[in-house]
Amino acid sequence: MAGVVVISETIVRPESYEDGSDRVKIHLTPWDLFFLRTEYAQRGLVFPQPDPKTRIISRLKSSLSVALNIFYPFAGRLVKLDHGDDKTAAFFIDCDGSGVKFVHASAMTVSVSDVLEPANGTVPDFWRGLFPANGVLSCDGVSESLIAFQVTELKDGVFIGYGCNHMVADGSSFWSFFKTWTEICSTGLLDRKKIPPLPLRGWFLGGIDYPIRVPISETTVSPVGVVSSSLPDLHKKIFRFTSRNISELKTKANGEVDSDDRKISSFQAIMAHMWRSIIRNSDLNPEEVIHCKIAMDMRQRLNPPLEKECFGNVVGLATTSTTAGELLNNGLGWAALEINKTVGSQTNEKIRVFAENWVKKPKIPNRLVENNSLVVASSPRFNVYGNDFGWGKPIAVRAGPGITGHGKLLAYPGAEEGDIELQSCLSSHVLDKLLGDAEFLLYVCV
Ligand SMILES: *[C@@H]1O[C@H](CO)[C@@H](O)[C@H](O)[C@H]1NC(C)=O
Ligand SMILES: *[C@@H]1O[C@H](CO)[C@@H](O)[C@H](O)[C@H]1NC(C)=O
Ligand SMILES: *[C@@H]1O[C@H](CO)[C@@H](O)[C@H](O)[C@H]1NC(C)=O
Ligand SMILES: *[C@@H]1O[C@H](CO)[C@@H](O)[C@H](O)[C@H]1NC(C)=O
């Protein structure tokens, strides 16, 4: 199948950026630096075909330029400070208005259905070509733009792929930016005076000096093993939980938990079901230690809480650990309750102690997804389908290449209201067995 042809590649700058001396610096927390050696998070949105008279590329670029005035951190660059004296480096984001990469491409042989339903869960050849930041690592943000977009015109639709440096923004900040961009684009203009300044995250770690110095050895990238998109034998599959499936799972999980002061959420019940089902089909020794790591927003867990809408990366991982044997010898309710307890234990104090310990001996992972872990990112609360550039809402959202591995799950709202979609990446031998597991399939639509 013919590929994706790049038509143009430009840099879009904030509309009215003034190179003043009061340039904002964003200092990086341990949770930001955690992503230093990992790839940009890439996702793609499938949109319907616009009216051919709509000049979408120029409209998208001019509205992006206005949106970047408000969300100016995306237009900055990472700055690295080398401290030769103690063999450390420090980083911050300089909101210098350098701009963001914008690629316009065309793939007239690819249709929306090719993108939505790749044959047999394998990744089609053209897939990487739809994304603008393949293989780009967060530490490359010293020269690469901190967010990049690619608009590819398909045979019967439009695909907007993006890659985002996770040190700058988490999913909730991305989606609030995206909402603003689509609104500016669809309404033509916007009264800028009405837009309040972007609330930045600010430095919330009293007692910790910034910029944090990290040993040089933790900042260099080993040539193998980081870029995970080439891992063999990984298959992608989307699992859809209908609102009925969700309420059945939630009822079952809560029914298996006796203390009635505990309320297991829908999402925790789904995660418990996925975790047990994947482990049941993984042929592990009962003693094998396994983890379930769920990305959580820390804004409101801190004390004093950060503004719900504040811009930046404020996610941590809530990690539940057990052994394969223990997980399988207990039921859904037990697993869900373990996850519930872990989430509940992420208190202000625990978060701050983690940071204090981390700065004493900074450790930055080379790989985010280890094969003994389920890593759950994104959230069914993100408002994916409420965004419209002026020619229709998204048809679907898809995970792009990058930060992947066996056990990576992305959670999104389903296109159907009330549904939850899980985009999974699993090694093919586990996926094949999972797809034949009646207990798993009872609660999920494949
Ligand atoms: C998909 O899988 C089926 C059965 O395993 C096989 O017959 C078919 O050729 C595969 N299609 C592609 C495009 O790989
Ligand atoms: C899951 O949802 C599908 C589609 O609505 C339905 O056919 C199936 O019976 C549901 N299963 C359970 C256990 O709720
Ligand atoms: C989890 O458990 C706590 C009690 O420990 C409960 O208050 C809470 O509602 C439960 N659900 C969630 C989503 O945290
Ligand atoms: C995880 O991967 C490593 C190396 O790729 C392999 O040695 C190990 O057996 C794998 N573990 C599981 C649980 O699949």
Side-chain angles (χ1 to χ4, degrees), residues 45-46 48 112-121 235-260 262-282 290 292 294 320 322 324 326-340 343 374-386 393-399 407-426 428 430-446:
L45 289 153
V46 187
V112 167
S113 61
D114 297 329
V115 172
L116 296 184
E117 292 131 29
N120 292 354
H235 280 206
K236 302 205 296 183
K237 190 87 200 165
I238 295 180
F239 298 110
R240 191 164 57 88
F241 292 85
T242 62
S243 42
R244 182 165 145 222
N245 298 157
I246 297 167
S247 71
E248 297 255 348
L249 270 174
K250 184 176 176 177
T251 306
K252 183 170 195 288
N254 277 296
E256 291 178 15
V257 174
D258 43 25
S259 73
D260 38 34
R262 300 233 176 245
K263 276 256 173 291
I264 287 160
S265 70
S266 303
F267 193 63
Q268 290 161 356
I270 293 176
M271 287 307 126
H273 184 59
M274 285 305 296
W275 197 19
R276 294 186 75 245
S277 305
I278 289 171
I279 296 301
R280 190 166 58 240
N281 291 290
S282 292
I290 52 169
C292 174
I294 301 180
T320 309
T322 182
E326 196 168 25
L327 184 67
L328 297 180
N329 289 335
N330 288 286
L332 178 77
W334 181 87
L337 191 55
E338 289 300 300
I339 294 172
N340 174 286
V343 173
L374 209 60
V375 177
V376 188
S378 201
S379 165
R381 284 195 300 267
F382 292 158
N383 179 14
V384 172
Y385 296 97
K393 293 177 188 307
I395 298 167
V397 58
R398 288 291 181 266
K408 177 73 186 292
L409 298 181
L410 281 185
Y412 278 108
E416 196 87 16
E417 196 166 341
D419 288 4
I420 292 180
E421 252 179 38
L422 288 184
Q423 311 205 9
S424 66
C425 182
L426 295 168
S428 56
V430 175
L431 182 60
D432 287 348
K433 292 181 69 185
L434 196 58
L435 293 175
D437 179 339
E439 191 182 339
F440 170 65
L441 295 173
L442 187 58
Y443 292 95
V444 60
C445 303
V446 180

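Read the numbers this way: they start at 1 and go in the same order the structure lists the ligands and their atoms.
Protein heavy atoms are absent from the 4.0 Å sphere centred on atom 7 (O) of ligand 2.
If you take CD1 on Ile278 and CG on Leu426, they are separated by 5.0 Å, rounding to the nearest 0.5 Å.
Arg244 NH2, 3.5 Å is the protein heavy atom nearest to atom 9 (O) of ligand 2.
A search for ring-ring contact (aromatic ring centres under 6.0 Å, His included) contacts involving Tyr443 returns His273, not counting sequence neighbours. The side chain to side chain donor-acceptor pair (under 3.5 Å) search around Ser247 returns none, not counting sequence neighbours.
Under a cut-off of 6.0 angstrom, the local environment of CZ in Arg240 is sparse, with at most 12 non-hydrogen atoms contributed by other residues, nucleotides or ligands.
Residue Thr242 has at least one N or O atom closer than 3.5 Å to an N or O atom of ligand 2. When only interatomic distances are considered, the shortest N/O to N/O separation between Leu442 and ligand 2 falls below 3.5 Å.
When all heavy atoms are compared, the tightest approach of Val384 to Pro394 is O-CG, 3.4 Å.
Remark: ligand 2 atoms within the under-4.0 Å shell around heavy atoms of Tyr443 are 13 (C). Every atom of ligand 2 with a heavy atom of Glu248 under 4.0 Å away is listed here by number and element: 14 (O). Shown in contact with Cys445 at under 4.0 Å from a heavy atom are these atoms of ligand 2, numbered in order with element: 2 (O), 3 (C), 4 (C).
In this structure, Glu256 pairs ionically with Lys252, as a charged nitrogen and a carboxylate oxygen lie closer than 4.0 Å.
Both the backbone and the side chain of Asn245 come within 4.0 Å of ligand 2, judged by heavy-atom distances.
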